[in-house]
Engineer: 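Below: one structure in structure tokens.
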Amino acid sequence: MRAVTRGTVQAAMEVLAGIRPVHQLARRLDPRCLAALQHRACLIRREITRTGNPALARLHRNSVVRSVRVCEVAEGIYEASAVVVDDVRARAVAIRLERGKQVWRVTELVIG
């Protein structure tokens with residue numbers, strides 16, 4: 001479960017950095033989480049274009065997942081947290097994973 005969490009969080013940060021297309025996470029994230037991630041990535045891109053702020057352009061760049069904690073809260077349901085460090089800051093990410101028919105799906109994704 002730690003590997004699934006680490007990979008999902010890393011991919012989500014790459015979406016926010018603009019180096020990974022959001023559709024690559026379509027199988028892993030439920031539709032609501034996928035839409036929220038896509039919306040946040042679009043807002044970041046729009047703000048970078050609008051302001052030209054170089055600090056914003058570095059936001060989420062070179063993200064590395066430093067640590068992952070996973071806890072089973074019920075059968076087939078896990079909640080996890082991760083610490084992610086990028087060029088600008090460290091942030092926390094929380095996710096909830098639920099067992100689907102064939103894959104684990106993220107049903108909650110909160111990026112600090």
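Position 1 is the first residue of the sequence, and the numbers go up from there.
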Engineer: Spell out, as yes or no, whether a donor-acceptor pair under 3.5 Å connects the side chain of Arg105 to the backbone of Leu29.
Structural biologist: yes

Engineer: Going through the checks in order, is the side chain to side chain contact (heavy atoms under 4.5 Å, CB included) test met by Met1 and Trp104?
Structural biologist: CA-CA 9 Å; Met1 198 49 53; Trp104 288 94; 3.2 Å; yes

Engineer: Given the rule in the side chain to side chain contact (heavy atoms under 4.5 Å, CB included) test, do Gln24 and Val15 qualify, once you have shown the distances and angles that lead to the verdict?
Structural biologist: CA-CA 9 Å; Gln24 288 184 359; Val15 167; over 6 Å; no

Engineer: Other residues, nucleotides and ligands only: do more than 12 of their heavy atoms fall within 6.0 Å of CZ on Arg32?
Structural biologist: yes

Engineer: Please report the shortest heavy-atom distance between Met13 and Val84, naming the atom on each side.
Structural biologist: CG-CG1, 3.9 Å

Engineer: Which heavy atom in Leu16 sits nearest to a heavy atom in Arg40, and how many Å separate them?
Structural biologist: CD2-CG, 3.8 Å

Engineer: Looking at Arg96 and Glu98, is there a salt bridge between them, counting it only when a charged N and a carboxylate O are closer than 4.0 Å?
Structural biologist: yes

Engineer: Taking the side chain as every heavy atom from C-beta outward, state whether His39 and Cys42 have any atom pair closer than 4.5 Å.
Structural biologist: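 Of all side-chain heavy-atom pairs linking Cys42 with His39, none is under 4.5 Å.
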
Engineer: Considering residues, nucleotides and ligands other than Gln38, do more than 12 of their heavy atoms fall under 6.0 Å from its CD?
Structural biologist: no

Engineer: Do Arg99 and Ile77 pass the side chain to side chain contact (heavy atoms under 4.5 Å, CB included) test, and can you show the C-alpha distance, the side-chain angles, and the key distance before you say yes or no?
Structural biologist: CA-CA 6 Å; Arg99 181 74 181 163; Ile77 301 173; over 6 Å; no

Engineer: Please round to the nearest 0.5 Å and tell me the distance separating atom CD1 of Ile48 and atom CZ of Arg46.
Structural biologist: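 Taking CD1 in Ile48 and CZ in Arg46, the distance rounds to 12.0 Å.
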
Engineer: Under 3.5 Å, side chain of Asp86 to main-chain N/O of Ser63, donor-acceptor pair present?
Structural biologist: no

Engineer: Between Asp87 and Asn62, do the side chains contain a donor N or O and an acceptor N or O under 3.5 Å apart?
Structural biologist: yes

Engineer: Can you measure from CG (Leu97) to CG (Asp30) and round to the nearest 0.5 angstrom?
Structural biologist: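 With rounding to 0.5 Å, CG (Leu97) is 10.5 Å from CG (Asp30).
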
Engineer: Set out, in order, the CA-CA distance, both residues' side-chain angles and the distance that settles side chain to side chain contact (heavy atoms under 4.5 Å, CB included) for Leu25 and Leu34, then state yes or no.
Structural biologist: CA-CA 7 Å; Leu25 287 171; Leu34 190 68; 4.1 Å; yes

Engineer: Can you name the one residue among Ile111, Val93, Val4, Val106 that meets side chain to side chain contact (heavy atoms under 4.5 Å, CB included) with Val9?
Structural biologist: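 Checked Ile111, Val93, Val4, Val106 against Val9; only one passes side chain to side chain contact (heavy atoms under 4.5 Å, CB included): Val93.
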
Engineer: Under a 4.5 Å cut-off applied to non-hydrogen side-chain atoms, are Ile19 and Arg61 in contact?
Structural biologist: yes

Engineer: Quick one, Thr5 and Ile95 - any side-chain contact, counting heavy atoms below 4.5 Å?
Structural biologist: yes

Engineer: Got a list of side-chain donor-acceptor pairs under 3.5 Å for residues 67-74, not counting sequence neighbours?
Structural biologist:
none

Engineer: Are Val83 and Val65 close enough that some pair of their side-chain heavy atoms sits under 4.5 Å apart?
Structural biologist: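 Side chain of Val83 against side chain of Val65, heavy atoms only: no contact under 4.5 Å found.
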
